[in-house]
Amino acid sequence: MSRKVVVLGEVRDGALRNVSFEAIAAGNTVAEGGEVVAVLVGESVSSLANELTQYGADRVVTVEDPKLASYTPDGFSQAVLAVIEAESPEALVFGHTALGKDLSPKIAGKLNTGLVSDVTAIEIAGGNIVFTRPIYSGKAFEKKIVTDGLIFATVRPNNIAPLEKDESRTGEITSLSVDIKDLRTIVKEVVRKATEGVDLSEAKVVIAGGRGVKSADGFEPLKELATVLGGAIGASRGACDADYCDYSLQIGQTGKVVTPDLYIACGISGAIQHLAGMSNSKVIVAINKDPEANIFKVADYGIVGDLFEVVPMLTEEFKKLKVNA
Ligand SMILES: Cc1cc2nc3c(=O)[nH]c(=O)nc-3n(C[C@H](O)[C@H](O)[C@H](O)COP(=O)(O)OP(=O)(O)OC[C@H]3O[C@@H](n4cnc5c(N)ncnc54)[C@H](O)[C@@H]3O)c2cc1C
């Protein structure tokens, strides 16, 4: 059965976030040949709309207003609900990002519908759309189907591959005028915490440090490796609690959930709460001087050794590979 799907595009620093393209790919699966309508909300976002069609959206609806320059749940929910009312879709797909996690329950509540959150895979089986999502901090997966009403899913970044970009692909781009009112929050300034470089949630490579880095300066060799590999820095809560780095870098049950292609854990013991945030990474490398460390149980490659010796050696080897490539 084909259906119309509304997908939310996300913008950060004037560019579309990769999760927008992943959500469009998910939307295409859910649409089963029906129409995928992407929504872009912001102050001035229409110049980005065409790229959404290049990644597989059939149409794009923009809602622009100076009051939407920064995300607020009140403002964005008014904008997205107006598009949903105008389009009457059978399904919604958002990214399972900080924004998506905040906005989707509000929208689901307003529409009096359910929500399948944090989806990592979607397949069509037995005539149903089957959503896979992790439960019990990633120790198990459940499969869900929506039997009645609107289908609403959020997709975890880095799990559903975007469709190939086709620069010749175009689609209708329209704007919807929405009277945004009664904002309870006005964002005056956005101050980013220590997240220079690659966005941790969407990074293809993450170099994470634990209490084993021993100090804030102990992150320096990890940063050098991250620079060579084009990766982002992450951390265990142990490292954050010890004040070696900012909590915005924390990965795990009470931190960020990441699914990079390559996760290098340096001086991290592998507590269950840490594994909840990274065990679905595609390739896991663990560097730890304790051969019994729990992290080795989830690692594809384990290096027993002192991270202050191993990490600089890896950096040098990767540099050589890049020069010879
Ligand atoms: C409710 C709750 C929620 C939590 N949420 C999270 C969460 O979201 N994320 C999270 O990470 N934790 C979380 N924790 C904390 C978690 O239980 C662990 O305490 C924490 O992950 C430990 O951090 P760590 O591995 O860096 O430190 P440690 O357990 O102290 O491990 C340090 C490791 O470094 C190794 N090491 C030391 N020196 C070197 C060296 N020179 N070279 C190589 N290896 C070295 C050691 O062998 C050791 O394995 C939570 C705990 C609770 C109770």
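As the structure lists them, so they are numbered: ligands from 1, and atoms in each ligand from 1.
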So which protein heavy atom does [atom] come closest to, and at what separation?
atom: atom 21 (O) of ligand 1; value: Ala271 CB, 3.8 Å
atom: atom 36 (N) of ligand 1; value: Gly212 CA, 3.8 Å
atom: atom 38 (N) of ligand 1; value: Lys214 NZ, 2.9 Å
atom: atom 15 (C) of ligand 1; value: Arg237 CB, 4.2 Å
atom: atom 14 (N) of ligand 1; value: Gln273 CB, 3.6 Å
atom: atom 22 (C) of ligand 1; value: Arg211 NH2, 3.9 Å
atom: atom 7 (C) of ligand 1; value: Gln250 NE2, 3.1 Å
atom: atom 9 (N) of ligand 1; value: Ile251 O, 2.8 Å

Using a strict cut-off of 4.0 Å, indicate which atoms of ligand 1 neighbour a heavy atom of [X].
X: Asp306; value: 40 (C), 41 (N), 42 (N)
X: Gln253; value: 7 (C), 8 (O)
X: Gly255; value: 8 (O)
X: Lys289; value: 37 (C), 38 (N), 39 (C), 40 (C), 43 (C), 44 (N), 45 (C)
X: Gly210; value: 26 (O)
X: Gly305; value: 42 (N), 43 (C)

I need the contact type for Ile295 against ligand 1. Using non-hydrogen atoms and a strict under-4.0 Å cut-off, is it side chain, backbone, both or neither? neither
Examine the proximity of ligand 1 to Ser269 and report which part, side chain or backbone, both or neither, has a heavy atom under 4.0 Å away. both
Look at the side chain of Ser281 and the backbone N and O of Ile284, then say whether any donor-acceptor pair between them is shorter than 3.5 Å. no
Is there a donor-acceptor contact under 3.5 Å from the side chain of Glu64 to the main chain of Val45? yes
Among [options], which residue places a heavy atom closest to [atom]?
atom: atom 23 (O) of ligand 1; options: Ser236, Ala208, Ala265; answer: Ser236
atom: atom 35 (C) of ligand 1; options: Thr254, Val310, Asn288; answer: Asn288
atom: atom 20 (C) of ligand 1; options: Gly238, Gly267, Ala235; answer: Gly238

Strictly below 4.0 Å, N to O, side chains only: are [X] and [Y] in salt-bridge contact?
X: Asp300; Y: Lys282; result: no
X: Asp118; Y: Arg133; result: no
X: Asp217; Y: Lys223; result: no
X: Glu10; Y: Arg12; result: no
X: Arg156; Y: Glu22; result: no

Set out, in order, the CA-CA distance, both residues' side-chain angles and the distance that settles side-chain contact (heavy atoms from CB on, under 4.5 Å) for Val258 and Asn158, then state yes or no. CA-CA 8 Å; Val258 297; Asn158 266 347; over 6 Å; no
Any N or O of Leu307 closer than 3.5 Å to N or O of ligand 1: yes
Give a yes-or-no answer on whether the side chains of [X] and [Y] include a donor-acceptor pair shorter than 3.5 Å.
X: Tyr247; Y: Asp241; value: yes
X: Asn280; Y: Thr259; value: no
X: Asp246; Y: Ser248; value: yes

Is the ring pair Phe152/Phe94 parallel, tilted or perpendicular, if the boundaries are 30 and 60 degrees? perpendicular
Apply side-chain contact (heavy atoms from CB on, under 4.5 Å) to Val178 and Leu68, showing your working. CA-CA 11 Å; Val178 182; Leu68 300 169; over 6 Å; no
Heavy-atom protein neighbour under 4.0 angstrom from atom 1 (C) of ligand 1: no
